[in-house]
Amino acid sequence: SCESPQQDTTEEETTENGFLNEPLISDHYTADPSAHVFEGRIYIYPSHDVESVVEEDDSGAHFNMRDYHVYSMERPGGEITDHGMVLDVDDVPWAKRQMWAPDAATKDGKYYLYFPAKDQEDIFRLGVAVADSPAGPFTAQPDPMEGSFSIDPAVFEDHDGQHYIYWGGIWGGQLQKWRTGEYLSTGTSPYDDEPADDEPAIAPKVARLSSDMLQFGEEPRDIQILDEDGSPILAGDHDRRFFEAAWVHHYNDKYYFSYSTGDTHNIAYAIGDSPYGPFTYQGVILKPVEGWTNHHSIVEFEGKWYIFYHDTELSGETHLRNIKMTELKHRPDGTIETIDPMRR
Ligand code: FUB
């Protein structure tokens, strides 16, 4: 079984990485893996799940994480290095709780960790922390990103070096409460404030990052996810609408926007011609895993593509997850082969 958070270590540890599709890490619970190739190594920035005493509820309060570890490996299937705890909620002046899915980016020799957490009013904001190494440790900015809200930041670097941040998550991720541009909560349930089933689904967000990587460089924009006829995916279309876990990758001149469909548990994807979209829905990359949440990242390493994801193989508990990876294949027409994680 896994260590409790009290036994966390900041020292580097190296463990054998089993086979692909096996849990990559077994001495901590890990989830929401954002993978990048930095300095020739694969770095993974996951959530650090903990055995929480907070009772399970529909807003995800039992996902009560408080810190982050960084992991790296030389190549897929290689040994995993745990670089230790790199940021704790107590070292983030504005954050109260729920350090959810993070991502990382680099520019000019500095590394940036983007993460969501609830502030003192229990409103999710996005934070940034800075390091000199991809392995951290990271120092948090004193305030959240100005004008930020909701969860699951993912940063994509385009060919021209421009970085874009994508984010958002409905229900417990609170995105539906920002439909007016301000936080507006009409009820106590996370399902309040959603559009009607026949209205367009709530859009994930994108903004170019400022040149110092610390703020939005422009007003956030909505991401349009369209069906094959060019109509927006509707809020009632739970099989295809955006829920959380945005990720963008670039392949053969196209931008791929992938995301979790939440209560239907798929990782779906849509393709577009610009980092801003619009993106046209294509299908499912990863079918439901064990556990309620499904959250991934997609990265190229030495000409092959990999998807990092999680399930609950080690614990059987939805909030105690373990990260995994497997190969991802683009077909010649640019579509992606569907992965069924239950078929090993
Ligand atoms: O890990 C906490 C939350 O669960 C993430 O932010 C969501 O994407 C879901 O995986």
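Computed from a predicted structure; not experimentally measured. Scope of the values below: all heavy atoms of this structure, side chains included, with no hydrogens, waters or symmetry mates. In listed order, ligands and their atoms are each counted from 1.
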A.B. asks: Tell me, which protein residue and heavy-atom name are nearest atom 10 (O) of ligand 1, and how many Å apart are they?
C.D. replies: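 It is D32 OD1, 2.7 Å.
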A.B. asks: For the ring pair W247 and Y259, is the centre-to-centre distance below 6.0 Å?
C.D. replies: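 No: the rings miss the under 6.0 Å criterion.
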A.B. asks: Taking a cutoff of less than 4.0 Å between a non-hydrogen atom of the residue and any ligand atom, is H319 in contact with ligand 1?
C.D. replies: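 Flag not set, H319 not near ligand 1.
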A.B. asks: Evaluating non-hydrogen atoms only, which member of T318, D152, I151 is closest to atom 6 (O) of ligand 1?
C.D. replies: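 It is D152 whose heavy atom sits nearest to atom 6 (O) of ligand 1.
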A.B. asks: Would you say the rings of W167 and F124 are close, in the sense that their centroids are separated by under 6.0 Å?
C.D. replies: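 Between F124 and W167, the centre distance exceeds or equals 6.0 Å.
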A.B. asks: Give the residue, atom name and distance (to 0.1 Å) of the protein heavy atom nearest atom 9 (C) of ligand 1.
C.D. replies: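 Looking only at protein heavy atoms, the one closest to atom 9 (C) of ligand 1 is E244 OE2, 3.3 Å.
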A.B. asks: Is the shortest distance from a Lys or Arg side-chain nitrogen in E313 or K324 to a carboxylate oxygen in the other one below 4.0 Å?
C.D. replies: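 Salt bridge present between E313 and K324.
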A.B. asks: Identify whether the distance between the nearest side-chain nitrogen and carboxylate oxygen of R97 and D119 falls below 4.0 Å.
C.D. replies: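 No, no charged N to carboxylate O under 4.0 Å.
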A.B. asks: Identify whether the distance between the nearest side-chain nitrogen and carboxylate oxygen of R208 and E218 falls below 4.0 Å.
C.D. replies: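 Salt bridge: yes.
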A.B. asks: Could you tell me whether the side chains of D229 and S231 share a donor-acceptor contact shorter than 3.5 Å?
C.D. replies: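 Distance-only check fails for D229 and S231.
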A.B. asks: Does this structure show an ion pair linking K107 with D212, if we count only N-O contacts that are shorter than 4.0 Å?
C.D. replies: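 Salt bridge flag = no for D212 with K107.
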A.B. asks: Does the N or O separation between H295 and ligand 1 drop below 3.5 Å for any pair?
C.D. replies: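 Yes, H295 has an N/O under 3.5 Å of an N/O on ligand 1.
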A.B. asks: Between A31 and ligand 1, find which residue part has any heavy-atom pair under 4.0 Å and reply side chain, backbone, both or neither.
C.D. replies: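 None of A31 does.
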A.B. asks: As an exercise, identify every atom of ligand 1 less than 4.0 angstrom from a heavy atom of R321.
C.D. replies: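 This gives 1 (O), 2 (C), 4 (O), 9 (C), 10 (O) as the contact atoms.
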A.B. asks: Give the atom numbers and elements of ligand 1 that come within less than 4.0 Å of a heavy atom of M65.
C.D. replies: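 Numbered from 1, ligand 1 contributes 1 (O), 2 (C).
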A.B. asks: Do any nitrogen or oxygen atoms of D49 come within less than 3.5 Å of a nitrogen or oxygen of ligand 1?
C.D. replies: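 N/O-N/O distance under 3.5 Å: no.
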